[in-house]
Structures are given as C-alpha cells and as structure tokens.
Amino acid sequence: MHLSELPDIRSRRDPDGAAIADDDVELTNAQFADAVRRAAAALRAYGVAAGDVVAVNLPNTTGLVVTLFAAWRLGAAVTPINPSLVDAEVDYQVRDADAEIVVTDRAGNSTVHVSELTSHPAADDTPAHVSDDALALLIYTSGTTGRPKGVMLDHANLDAMCAMVIEAFRLSSSDHSLLILPLFHVNGIVVGTLSPLLAGGRATIAGRFSPSAFFDRLERSRATYFSAVPTIYTMLADLPADIEPDTSAVRFGICGAAPASVQLLEKFENRFGFPLIEGYGLSEGTCASAVNPLDGMRKPGTVGRPLPGQTIRIADGSGGPVADGGVGEVLIQSPTVMRGYLNRPEETARTVVDGWLRTGDIGRLDEDGYLVLVDRAKDMIIRGGENIYPKEIEAVVYELPDVATAAVVGRPSAVYGQEPVLFVAPNTGATLTAAQILAHCRAHLSKYKLPVDVTILDELPRNAVGKLDKPALRRSFSPAAQPA
C-alpha cells in the first residue's frame with residue numbers, strides 16, 4: 001500500500017470507522033478521504049504538481065495531516081515547519097526547500113490558509129503514481145555548520161520505517177495513538193500518525209501538552225499508546241499523588257529523543273502501571289533504529305536492540321570495527337537511512353559512508369546486542385527532547401559586530417535535561433551587555449533555542465592547540481550553581 005492511496009483504501013474498507021481527530025475535529029475514514037481529495041484539488045489549483053515541495057506551517061491539527069496526504073496524492077513532498085520559528089527562520093526553510101507554497105493558519109503573502117484547502121470542491125480522481133524513490137518529506141534539523149539542513153526522506157524510507165514500527169509494537173486495527181509530540185518531527189509523523197493509520201487503527205492529535213490535563217485526555221480517548229520525551233514523563237511522574245488515572249486501555253508508552261534515567265522509567269511504570277519502551281533514532285534514519293522489545297527482556301539504561309531490518313555496528317575513528325563491547329561511533333545500515341541532505345553533497349558524503357549512517361553518537365553493544373549510549377554527539381544539546389546545535393546560536397551571536405568570541409554549551413537541568421548557556425568575549429574596547437545579546441537572539445532564534453544565561457568574559461578559555469575549550473566551560477558549572 002502506498003501512502004498516497006491510504007485514505008481512499010481506508011474509506012472503501014470502513015467508511016464510518018474513526019481515522020483522525022484533534023481537540024475540535026473528528027474525521028471518519030470517509031470524511032478523511034474527502035478532506036484529502038479536496039485539499040489535493042486546492043493544492044493543484046495553486047500550481048502544485050509532482051516533484052514540488054509544499055511547506056506546512058501549522059500547529060498539531062488534523063489539517064496538517066490532511067495536507068500531508070493531499071501533497072502525496074499529487075506526488076509532491078512536504079516540509080513541515082516548526083510553528084514556533086521566527087519569520088527569518090521560516091523564510092530560510094521555505095527558500096532552502098524551494099517550496100511551491102506555504103500552507104498556514106496565519107495571514108501572509110505567498111501563503112495558503114489551511115481553511116481554503118477543504119473548502120475547495122473534491123476532485124473525483126485517483127492518486128498520482130508515485131515511485132518509491134520519490135521525495136516524501138524534507139525534515140529540517142539543526143546543522144553543525146550553523147544553518148538547519150533538509151533531511152531528504154523518500155517514500156521507501158517511510159514505508160520501511162512504518163513497517164518496522166508496526167512489527168516492533170504489534171500495531172493492529174485496535175490500536176489508537178494519542179499524539180502529543182510535534183508533527184514537524186519524524187516521531188510525530190511516523191510513530192504517532194502514519195503507523196497506526198497503516199495498521200488500520202486511528203490517531204488522536206492532542207493540543208498543547210499540559211501535565212495536569214494529560215491523563216484526562218488519555219482517559220477520554222481510550223488511546224492504546226503514545227510517544228513522549230523524558231521531560232514529559234518526568235512532569236507526569238511528579239504529579240500530585242491524588243491523581244490516579246485509569247490507564248487500563250494503554251498498552252505502552254514510548255520514550256525517546258533524549259536519554260531517560262533508570263530511576264525515571266521505574267518510577268513512572270510503578271506509578272501508572274504500563275511499560276515505557278525506550279528507543280533511539282534520528283531524523284537521518286527516518287525515526288527509530290533501536291528499541292527495547294515490547295515482549296521480551298527490556299534493559300533499562302539501554303536503548304534496546306536494532307529494529308528488524310536494521311544493523312547497528314560500533315566503529316573506531318577510521319570507521320573500522322572495535323572489539324566486542326568496545327566503545328565507538330554508532331553506525332546504522334538500514335532501508336530507512338535518508339537519501340541525503342538537500343543540496344549538501346559534501347555533508348551527505350561525510351554522513352552516509354558506503355551505505356552506513358554515521359550518527360556522531362558514541363556507544364557500545366552489550367553482550368545481548370543492546371545499544372548503550374555513553375555520550376551524545378559532540379556538542380549537541382538536547383533540551384526537553386529538542387535538538388539544539390550550539391553553532392546555530394553562535395552564528396547568530398557573531399552577527400553582533402562587537403563580539404570577538406562566542407561559545408554555547410549545555411548546562412544540566414532537572415526539568416529539561418539540558419539548557420543552552422552562552423559565553424561571550426567582546427572585542428577590545430567594546431561594551432556589550434547580556435540584555436543586548438539576548439534581544440538580538442530573540443529576533444533570530446526560536447524560544448527553545450535561546451540561551452538561558454549569558455556570561456561575558458574578557459576572553460574564553462582555549463586548549464593547547466588554540467581551540468575553544470568547551471569542556472572547561474562545562475566544568476565551570478559548580479553543583480551550587482546548577483538549577484535545582
């Protein structure tokens with residue numbers, strides 16, 4: 001089954017069955033298929049054709065999912081945009097992706113309001129023939145060079161990833177996903193939406209996450225699973241003791257995007273009575289590459305075994321093998337490995353070598369073949385499940401003419417895991433304030449990327465070869481200075 005055909009197939013098989021819902025809309029399979037056909041006709045009227053890219057700047061709603069399938073029906077690809085991005089960041093992604101149009105719920109030039117898509121008459125046609133290697137998604141991930149880059153995922157990538165998720169979690173027509181992660185990430189798209197729909201199940205898209213309201217939403221939906229990040233599970237595990245939700249419908253929760261402590265996993269499971277399945281993956285691998293088994297031995301402190309159809313090996317600095325149990329870079333070989341970075345052949349060649357995805361993460365395989373991550377990619381900060389690359393923030397700070405040197409490192413946070421902090425050395429004789437720097441950052445960076453602290457020094461520490469000594473900056477966080 002091709003994704004472009006899925007709405008029509010579901011409508012023919014069970015027109016009155018539930019498909020997708022959000023806080024305001026519930027669509028049966030027939031209504032979902034009709035909305036997709038209307039949206040496809042509207043996109044075509046705006047000039048979208050096979051091979052084009054449609055940018056979608058929407059919050060988590062059924063409208064975003066309808067737009068995905070409408071674009072695929074025409075043979076076009078989609079680049080989802082984080083709704084919290086500022087205008088400069090949105091403009092960059094739209095230009096870099098060479099998007100034909102932008103679908104949004106905001107007024108603006110060269111945009112299409114999402115309400116226009118389903119107000120258009122539905123076309124009585126069939127989905128375009130789309131080859132497996134046709135581009136399906138452009139997922140933008142923060143780049144180590146300071147600019148986000150588009151991860152190219154084709155339909156074969158999505159088909160393989162969804163099949164692996166369905167097999168690993170035994171998804172069926174009785175499953176119901178409660179989606180609380182953003183739909184501009186592959187987890188929300190693949191695990192929370194596409195996989196349950198392909199398995200014959202349904203998806204409910206929750207609105208803005210609130211710890212106090214979450215379990216009420218879970219109970220009302222009778223969802224069988226959901227996916228979240230450690231920050232969310234920490235908030236839920238710390239809810240007042242008098243909150244005792246009915247979780248009898250829930251088969252499991254999925255935990256990813258950042259490391260979770262053994263203590264958190266045990267605390268959550270003991271309180272709420274269903275297992276948390278920890279996994280590991282990245283956008284360049286379409287979503288997930290390893291997961292603890294739903295049935296069988298789960299090993300807290302690991303991110304599980306490779307998903308069926310994927311191979312993980314540990315390599316030394318030159319790409320060669322390490323001894324059994326040895327530590328090295330995590331490499332992945334799988335039909336889910338991306339086609340590459342859009343318009344970045346050199347970065348693609350460094351990242352995908354002889355068919356192996358070089359993750360930049362450091363880990364080891366234990367005696368049972370479970371992956372243990374021992375370090376993150378060199379400098380990446382994971383704040384509440386969101387990846388933040390220091391160079392992107394530093395590039396913005398360097399736009400200030402009085403900045404001589406800038407360095408961003410992650411500071412531990414009990415709530416978010418890590419938060420970015422900024423160290424700056426001004427040019428000789430220049431006067432800079434933290435307020436000036438932060439005001440500039442706010443105009444060019446999303447809120448979640450903003451440094452939580454700015455320290456101005458006469459000069460920043462360097463190592464013996466003259467490079468910025470970020471480990472020294474990290475060591476400057478004394479226990480007393482770290483957030484409680």
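Because the structure is predicted, anything quoted here is derived from the model rather than measured.
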Report task. Give the C-alpha distance, both sets of side-chain angles, the deciding distance and a yes or no for side-chain hydrogen bond (donor to acceptor under 3.5 Å, both in side chains) between Gln310 and Ser289. Result -> CA-CA 7 Å; Gln310 302 205 37; Ser289 291; 3.0 Å; yes
Query raised in the report: Hey, mind stepping through Arg10 and Asp14 against salt bridge (Lys or Arg N to Asp or Glu O under 4.0 Å) and telling me if it holds?
Result: CA-CA 6 Å; Arg10 287 178 60 100; Asp14 184 13; over 6 Å; no
Query - Verdict with reasoning, Ser221 to His176, per side-chain hydrogen bond (donor to acceptor under 3.5 Å, both in side chains) - result: CA-CA 8 Å; Ser221 69; His176 183 175; 4.9 Å; no
Report task. Could you please spell out the steps behind the side-chain contact (heavy atoms from CB on, under 4.5 Å) verdict for Ile139 and Ile189? Result -> CA-CA 11 Å; Ile139 300 293; Ile189 294 173; 4.2 Å; yes
Query raised in the report: Stepwise, does the side-chain contact (heavy atoms from CB on, under 4.5 Å) test hold for Phe32 with Thr62?
Result: CA-CA 9 Å; Phe32 176 44; Thr62 57; over 6 Å; no
Query raised in the report: Checking salt bridge (Lys or Arg N to Asp or Glu O under 4.0 Å) for the pair Arg222/Asp246: CA distance, chi angles, key distance, verdict?
Result: CA-CA 9 Å; Arg222 301 296 292 171; Asp246 174 10; 3.3 Å; yes
Query raised in the report: side-chain contact (heavy atoms from CB on, under 4.5 Å) between Thr204 and Arg217: does it pass, once the steps are laid out?
Result: CA-CA 10 Å; Thr204 292; Arg217 193 72 174 94; 3.4 Å; yes
Report task. Apply salt bridge (Lys or Arg N to Asp or Glu O under 4.0 Å) to Asp96 and Arg147, showing your working. Result -> CA-CA 10 Å; Asp96 191 71; Arg147 278 293 199 178; over 6 Å; no
Requested in this report: Go through the steps to decide whether Asp368 and Arg305 satisfy the test salt bridge (Lys or Arg N to Asp or Glu O under 4.0 Å), and finish with yes or no.
Outcome: CA-CA 8 Å; Asp368 297 309; Arg305 295 173 56 87; over 6 Å; no
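In this structure, a donor-acceptor pair under 3.5 Å is present between the side chains of Tyr341 and Glu284. Between the side chains of Asn82 and Tyr140, no donor N or O sits under 3.5 Å from an acceptor N or O. Side-chain N/O atoms of Thr224 and Asp175 include a donor and acceptor closer than 3.5 Å. Residues His155 and Ser131 bring no donor and acceptor atom of their side chains to less than 3.5 Å of each other. When only modelled atom types and interatomic distance are considered, Glu89 and His444 share no side-chain donor-acceptor pair under 3.5 Å. Using modelled atom types, one finds no donor on one side chain facing an acceptor on the other under 3.5 Å when comparing Asn292 with Arg298. With 3.5 Å as the limit, one finds a donor-acceptor pair spanning the side chains of Thr79 and Gln93.
Here the closest heavy-atom approach between residue Ile362 and residue Glu329 is recorded as CD1-CA, 4.0 Å. Scanning both residues, Cys287 and Val191, for their nearest heavy atoms gives SG-CG2, 3.8 Å. In terms of heavy-atom proximity, Val48 sits nearest to Ala76 at CG1-CB, 3.8 Å. Between Gly47 and Glu100, the shortest heavy-atom distance links the atoms O-OE2, 3.9 Å. For the residue pair Ala40 and Arg73, the shortest heavy atom distance occurs at CB-CD, 3.7 Å. Closest approach of Gly410 and Ile381 over heavy atoms only: N-CD1, 3.6 Å.
Between Pro7 and the choices Val66, Asp34, Val36, the side-chain contact (heavy atoms from CB on, under 4.5 Å) rule is met once, by Val36. Just one residue in the list Asp154, Val151, Val165, Asn157 forms a side-chain contact (heavy atoms from CB on, under 4.5 Å) with Thr286, and that residue is Asn157. With Thr104 as the fixed residue, the side-chain contact (heavy atoms from CB on, under 4.5 Å) test singles out one of Thr111, Val90, Ile81, Val112: Thr111.
In this structure, CZ on Arg37 lies 8.5 Å from CG on Asp125, to the nearest 0.5 angstrom. Interatomic distance, Leu64 CG to Asn57 CG, rounded to the nearest 0.5 Å: 9.0 Å. Going from atom CG of Asp22 over to atom CG of Asp24 covers 5.5 Å, rounded to the nearest 0.5 Å. Distance CD1/Ile393 to CG/Leu450: 8.0 Å, rounded to 0.5 Å. Here OG of Ser210 is found 11.0 Å from CD1 of Ile180. Values are rounded to the nearest 0.5 Å. The distance from the CG atom of Leu365 to the OG1 atom of Thr302 is 10.5 Å, given to the nearest 0.5 Å.
Ser173 places no side-chain N or O within donor-acceptor distance of the main-chain N or O of Gly200, the cut-off being under 3.5 Å. In this structure a side-chain-to-backbone donor-acceptor pair under 3.5 Å is present from Arg38 to His120. The backbone N or O of Ala237 lies less than 3.5 Å from a partner atom in the side chain of Arg271, making a donor-acceptor pair. Panel note: side chain Glu269, backbone Leu276; a donor-acceptor pair is recorded below 3.5 Å. Using modelled atom types, one side-chain atom of Thr231 and one backbone atom of Val415 make a donor-acceptor pair closer than 3.5 Å. The backbone N or O of Lys267 sits nowhere less than 3.5 Å from a side-chain atom of Asn270 that would complete a donor-acceptor pair. When atom types are taken as modelled, the side chain of Arg344 and the backbone of Leu342 share a donor-acceptor pair closer than 3.5 angstrom. A side-chain donor-acceptor contact under 3.5 Å links Arg339 to the backbone of Asp133. With hydrogens and angles ignored, the 3.5 Å screen pairs no side-chain donor or acceptor of Ser446 with any backbone N or O of Lys449. In terms of modelled atom types and a separation under 3.5 Å, the side chain of Asn60 and the main chain of Leu183 share a donor-acceptor contact.
Counting only heavy atoms from C-beta outward, the side chains of Leu3 and Leu68 never approach each other to under 4.5 Å. Taking 4.5 Å as the limit, some side-chain heavy atom of Val353 sits within range of a side-chain heavy atom of Arg358. The shortest distance between side-chain heavy atoms of Leu373 and Tyr280 falls below 4.5 Å. Under the 4.5 Å side-chain criterion, counting only non-hydrogen atoms from C-beta, Leu236 is in contact with Phe214. Side chains of Leu331 and Ile312 form no contact here, defined as non-hydrogen atoms less than 4.5 Å apart. Inter-residue side-chain proximity for Met161 and Leu153 is flagged as unmet; no heavy-atom pair is nearer than 4.5 Å. For the pair Tyr225 and Pro196, the minimum side-chain heavy-atom distance is below 4.5 Å.
Sorted by first and then second residue, the side chain to side chain donor-acceptor pair (under 3.5 Å) pairs with a member in residues 186-198 read Asn187-Ser227; sequence neighbours excluded.
Between Phe252 and Phe226, the distance separating the two ring centers is not shorter than 6.0 angstrom. The aromatic ring centres of Phe215 and Phe272 sit less than 6.0 Å apart. Centroid-to-centroid, the aromatic rings of Tyr448 and Tyr416 stay 6.0 Å apart or farther.
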